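So the structure is just underneath, and the comments pick up after that.
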Amino acid sequence: MAGGGFTSGAGGVEFEAKITPIVIISCIMAATGGLMFGYDVGVSGGVTSMPPFLKKFFPTVYKKTVQEKSTDSNYCKYDNQGLQLFTSSLYLAGLTATFFASYTTRKLGRRLTMLIAGFFFICGVVLNAAAQDLAMLIVGRILLGCGVGFANQAVPVFLSEIAPSRIRGALNILFQLNVTIGILFANLVNYGTNKIKGGWGWRLSLGLAGIPAVLLTVGALLVVDTPNSLIERGRLDEGKAVLKKIRGTENVEPEFLELVEASRVAKEVKHPFRNLLKRRNRPQIVISIALQVFQQFTGINAIMFYAPVLFSTLGFGNDASLYSAVITGAVNVLSTVVSIYSVDKLGRRLLLLEAGVQMFLSQVAIAIILGIKVKDDSNDLSKVYAVVVVVLVCTFVSSFAWSWGPLGWLIPSETFPLETRSAGQSVTVCVNLLFTFVIAQAFLSMLCHFKFGIFLFFSGWVFIMSVFVLFLLPETKNVPIEEMTERVWKQHWFWKRFIDDDKTANVSNGFDPSSVL
């Protein structure tokens, strides 16, 4: 067989598993990788709004922001390639690192890969906090990006493999919840450090990233590796012992045998990346890539950029950007909690489709209001309109946080069979970081040229991705990972034509006549 469901009669079997303390603790510790990622994302936006930071590293941007009458459009004040590189260099480094992380995840285990991520994070934090020039700052961001590449490779796979299938979605979303908590924590830190006299507050903001970095490193030292990873590396007895421990029962033989069989098939695959291109792996790779591209084109960055201007209109004064970031960050966290509660009850598809409608309508409404009311050289937005737009911002952020935010990571991590799981997750992380880099590097320039129309641009993408989900994304809730092929792909109206038995695939030399029927 091509993927999961290796044992005869395994389809539909729910393995015996208790929700044990070691599973909960391991998942919480592992998910601190998300805390670090979220802090890195949140802190960069805050420090780039601090005048002392801009004055030291980006003097041309600083001059434009302090001029009372600028010839530049409101939309173009922050259009600077160097400033964009400060943000985007992290994602470019993460993209490169994920290829190495795929190897370590497979050969050294999920746990050791998380430990390597923690080491990169700590080194990057030290360089950033002590930065004396732009080069030192960028190198620090590159090291943080390497940490992101290793953490994003290992953590989602670790969470999916260690969790019982009935709560796999909820535990996996702990990663995304920690991302949102990290963003909120960074926003609160920025708000406090911005008030420090002497112009060194940004150093404290960047340096406090050391807290989640140390948490991830300590967590990686304390957690056990997954049974899947131990069995994959030939440590069967240890894998079985860990399986008994995390499932809270001695009756693990059916699940253990399925993992052993999955590992046997995986070892027959000598080139996992090349194997990803085979016809039978087409559904998983297409959906994983599509989800990562779509996640970046929801427009969450556009919403976050506009929030400071909108909240400033409401009268928050000089701290507008930091107030708005805290508020949207809090909405982000609370909405991710909604996803943890509902993902294994309502399913992945329903959350994505509902959020698609919510995001589309809110973005179109924001574009209309800003297009009519906000001019290039003035923020002419009345209190009534400002309140409406702020509500729309929170509506958008909440829908993203319980759908495309966490599910963009959850679904790819639970759909690949063991023989291509590390390679598949590597491609997933790589594509996500590539398009995050593209958006981060181009967004301020896009905003300068598109103006309010950027919201219409992203709402068009939201419509496209919702149609994709409606027709091409199958439901994966409560399905054991190793049974995805039998219970999901072979049952889907479109993708089943790609899932052929190996004999059929070999006889037809890659061409299956039934696939065109």
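This one's a predicted model, so the numbers in the text were calculated from it and none came from an experiment.
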Is it true that atom CZ of Phe457 has more than 12 heavy atoms of other residues, nucleotides or ligands lying nearer than 6.0 Å? yes

Applying salt bridge (Lys or Arg N to Asp or Glu O under 4.0 Å), run through Arg421 and Glu232 and close with a yes or a no. CA-CA 11 Å; Arg421 190 166 302 149; Glu232 187 179 20; over 6 Å; no

Could you walk me through whether Thr428 and Gln292 satisfy the side chain to side chain donor-acceptor pair (under 3.5 Å) test, starting with their C-alpha distance in whole Å, then the side-chain angles of each, then the deciding distance to 0.1 Å, before giving a yes or no? CA-CA 7 Å; Thr428 297; Gln292 302 317 304; 5.0 Å; no

With distance as the sole test, does Gln284 use its side chain to make a donor-acceptor pair with the main-chain N or O of Phe416 at under 3.5 Å? no

Would you please indicate if the ring centroids of Phe458 and Trp461 are separated by under 6.0 Å? no

Option among Leu352, Val469, Leu353 that satisfies the side chain to side chain contact (heavy atoms under 4.5 Å, CB included) test with Ser403: Leu352

If the plane angle is over 60° it's perpendicular, under 30° parallel, otherwise tilted; pick one for Phe58 and Phe53. tilted

Heavy-atom check, side chain of Pro227 versus side chain of Glu161, under 4.5 Å: no

I'd like to know if the side chain of Asn332 reaches the main chain of Leu184, judged simply by a donor and an acceptor atom lying under 3.5 Å from each other, with no hydrogens or angles considered. no

Between Phe99 and Phe273, how do the two ring planes meet: parallel, tilted or perpendicular, split at 30° and 60°? tilted

Between Gln363 (side chain) and Thr298 (backbone), is there a donor-acceptor pair under 3.5 Å? yes

Give a yes or no answer on whether the side chain of Ser160 reaches the backbone of Val157 with a donor-acceptor pair at less than 3.5 Å. no

Is there a donor-acceptor pair closer than 3.5 Å between any side-chain N or O of Ser102 and the backbone N or O of Thr98? no

So, for Ala209 and Asp40, which heavy atoms are closest and what is the spacing to 0.1 Å? CB-OD1, 4.4 Å

For Ala151 and Ala117, the nearest pair of non-hydrogen atoms, with its separation, is N-CB, 3.6 Å

Residues Thr395, Ser362; criterion side chain to side chain donor-acceptor pair (under 3.5 Å); working and verdict: CA-CA 7 Å; Thr395 301; Ser362 58; over 6 Å; no

Could you check whether any side-chain heavy atom of Trp495 comes within less than 4.5 Å of a side-chain heavy atom of Val286, counting everything from C-beta outward? yes

Measure from the side-chain N and O atoms of Ser263 to the backbone N and O of Leu259, and report whether any donor-acceptor pair falls under 3.5 Å. no

If you count the non-hydrogen atoms of other residues, nucleotides and ligands that lie under 6.0 Å from NZ in Lys56, is the total more than 12? yes

For the pair Asn190 (side chain) and Ala186 (backbone), establish whether a donor and an acceptor sit closer than 3.5 Å, ignoring hydrogens and angles. yes

Taking all non-hydrogen atoms of both residues, which atom of Thr217 and which atom of Gly118 are closest, and how far apart? OG1-CA, 3.3 Å

Where do Arg233 and Asp225 land on the salt bridge (Lys or Arg N to Asp or Glu O under 4.0 Å) test, with the steps shown first? CA-CA 11 Å; Arg233 289 178 284 143; Asp225 216 335; 2.7 Å; yes

For the side chain of Thr420 and the backbone of Ala423, is there at least one donor-acceptor N/O pair under 3.5 Å apart? no

Would you say the rings of Phe86 and Phe57 are close, in the sense that their centroids are separated by under 6.0 Å? no

Please answer whether the main-chain N or O of Leu221 pairs with a side-chain N or O of Arg111 as donor and acceptor at a distance below 3.5 Å. yes

